[in-house]
Amino acid sequence: MFGKATDEQLVTKALAGSERAWFSLVRRYEKRLYNYSVRMTGSPDDAMDILQDILMSVYRNLSSYRGDGVFAAWLFRIASFRCTDCLRRRGRQFVSTDQVDVVDDRGLDIDAHIDTNRGIIGMMGKLPTEQRHVIELKFFQNFTFDEISAQLGISANTAKSRVYAALKKMRESDQPQRLLKEGI
Amino acid sequence: MNIEYTCDECKARLFDVEQLPQPEQRQVHAHLAHCDSCREDLAAIWELKRDATGWRAQPVPRWNRRQLFFEPSPWHFRFQWAASFASVVVLVLVLTEARISTIDGLTIDFAGVEDRFVSQTEFTRQLVSLQEQQQATLDTNVRKLTNQQITTNQLLLRTVLDASREERREELGNMLVLWEADQDQRTMSTEESLRYLIASQVQDRREIEQLSSVILDDNRRF
Ligand SMILES: [Zn+2]
């Protein structure tokens, strides 16, 4: 009977003072943003702070959203700024994988998933922030290179180069493990 | 017609090969057929894509959304009080002509050294003006605080209204469930009564038939 309100409709309502509309937007994106922050910082605690920081910033800047593009792309542009800023302010890039407390979505301990998440966090932690950012936006958020270029204020070619640099780095850091596995 | 792609041209197209137009896809594959470096990159991209889809979404810990966005922090009030309090303290210090000095020789004299030579009326005038000034600051702060209080009350009222609306909706939902259950119950008992009625009618008819056959038999006998 009622279709799901679009992001743009919710933004308009939120700007008109509807708290409900704003909370709907928050609920719609908080999980995606939280997981983004977990992969970007490697720390669930930091991720929670960053999530709130991002959402507060989005809330304050909501009136500057012109509705001319995809809301998610605009949201992640702010998220990129806030996340980079937070990491810089904290003076730390990443926490080590051992400290990462990974839980399954349903609160169950499914080792395989936890291992996958830990592996991804570990891999992200080996990358410099700017490469990690591009990998996150391209492979986890599935943005196009044009969108990434708009979000990070770099050219699409630079974004692609960063991905290749990241792939090279991953391959290099993967090498010793592979050699070990193959018993060489 | 097709000019062979260079590595750069090929690598720029490796991310979404499947979505490229057919001729471009063919050119990419033609290049890949003899370029180890590009093939290695494509494999790495695929591997990363596969890893990314394996990520298990982490649940967001519980947090108070309303508090973050719509409730002013308690520090806000505390700082406003602090300003008023500081004004009062300065006023008291001036009125009592207090002098504060530290061990390293710093002295703050609230009566003012020069003031001793200023006439009594001038001193009183300055004091009154200062007092008025402090009073004005105090008034402004109190006004601000009152406004803040009104806004908070409005927020509180809105929260209460929202909550009660939510509650009413929930109650209506519960009532609907009860009503439906009641309806079901009633339908069931009506069906049961009907079934009983039909059964008893059948039974009645059977008894009447038996009775009439008995009577008929009796009649025949006599
Ligand atoms: Zn090549």
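Every chain is numbered from 1, with letters handed out A, B, ... down the list of sequences. Given the structure is predicted, the values throughout are model-derived calculations rather than measurements. All heavy atoms count here, side chains included; hydrogens, waters and symmetry mates do not.
By the 4.5 Å heavy-atom criterion applied to side chains, A/Y34 and B/P61 are counted as neighbours. Residues B/L14 and A/Y164 meet the side-chain proximity criterion, which asks for heavy atoms closer than 4.5 Å. Looking only at side-chain heavy atoms (C-beta outward), A/K138 and B/L48 stay at 4.5 Å or farther from each other. Put simply, the side chain of A/E19 does not reach to within 4.5 Å of the side chain of B/F69, judged on heavy atoms. Put simply, the side chain of B/R65 does not reach to within 4.5 Å of the side chain of A/W22, judged on heavy atoms. Residues A/V163 and B/F15 meet the side-chain proximity criterion, which asks for heavy atoms closer than 4.5 Å. Under the 4.5 Å side-chain criterion, counting only non-hydrogen atoms from C-beta, B/E40 is in contact with A/R171. Within the 4.5 Å cutoff, no side-chain heavy atoms of B/D51 are placed close to those of A/F139.
Look at B/D8 and A/K160 and you find no salt bridge, because none of the NZ, NE, NH1 or NH2 atoms lies under 4.0 Å from a carboxylate O.
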A/M56/B/L68 under side chain to side chain contact (heavy atoms under 4.5 Å, CB included): CA gap, chis, key distance, verdict: CA-CA 8 Å; A/M56 202 62 206; B/L68 180 68; 3.9 Å; yes
Please determine whether side chain to side chain contact (heavy atoms under 4.5 Å, CB included) holds for the pair A/V38 and B/W55, giving the CA-CA distance in whole Å, both sets of side-chain angles, and the decisive distance to 0.1 Å. CA-CA 11 Å; A/V38 169; B/W55 173 269; 4.0 Å; yes
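Both the backbone and the side chain of A/L55 come within contact range of chain B, judged by heavy atoms closer than 4.5 Å. For chain B, the nearby part of A/R27 is the side chain; its heavy atoms alone come within less than 4.5 Å.
Counting non-hydrogen atoms of neighbouring residues, nucleotides and ligands closer than 6.0 angstrom, the NZ atom of A/K168 reaches no more than 12 such neighbours. Within a 6.0 Å radius of CH2 in B/W46, other residues, nucleotides and ligands contribute 12 heavy atoms or fewer.
Going from atom CZ of B/R62 over to atom CE of A/M48 covers 11.0 Å, rounded to the nearest 0.5 Å. A/I121 CD1 to B/Q58 CD: the interatomic distance, rounded to the nearest 0.5 Å, is 6.5 Å.
Of the possible donor and acceptor atoms, none in the side chain of A/N35 sits under 3.5 Å from a partner among the backbone N and O of B/A57.
Taking all atoms of both residues into account, the shortest heavy-atom contact from B/G54 to A/N117 is O-OD1, 4.2 Å. Nearest heavy atoms, A/K31 versus B/V60: CA-CG2, 3.5 Å.
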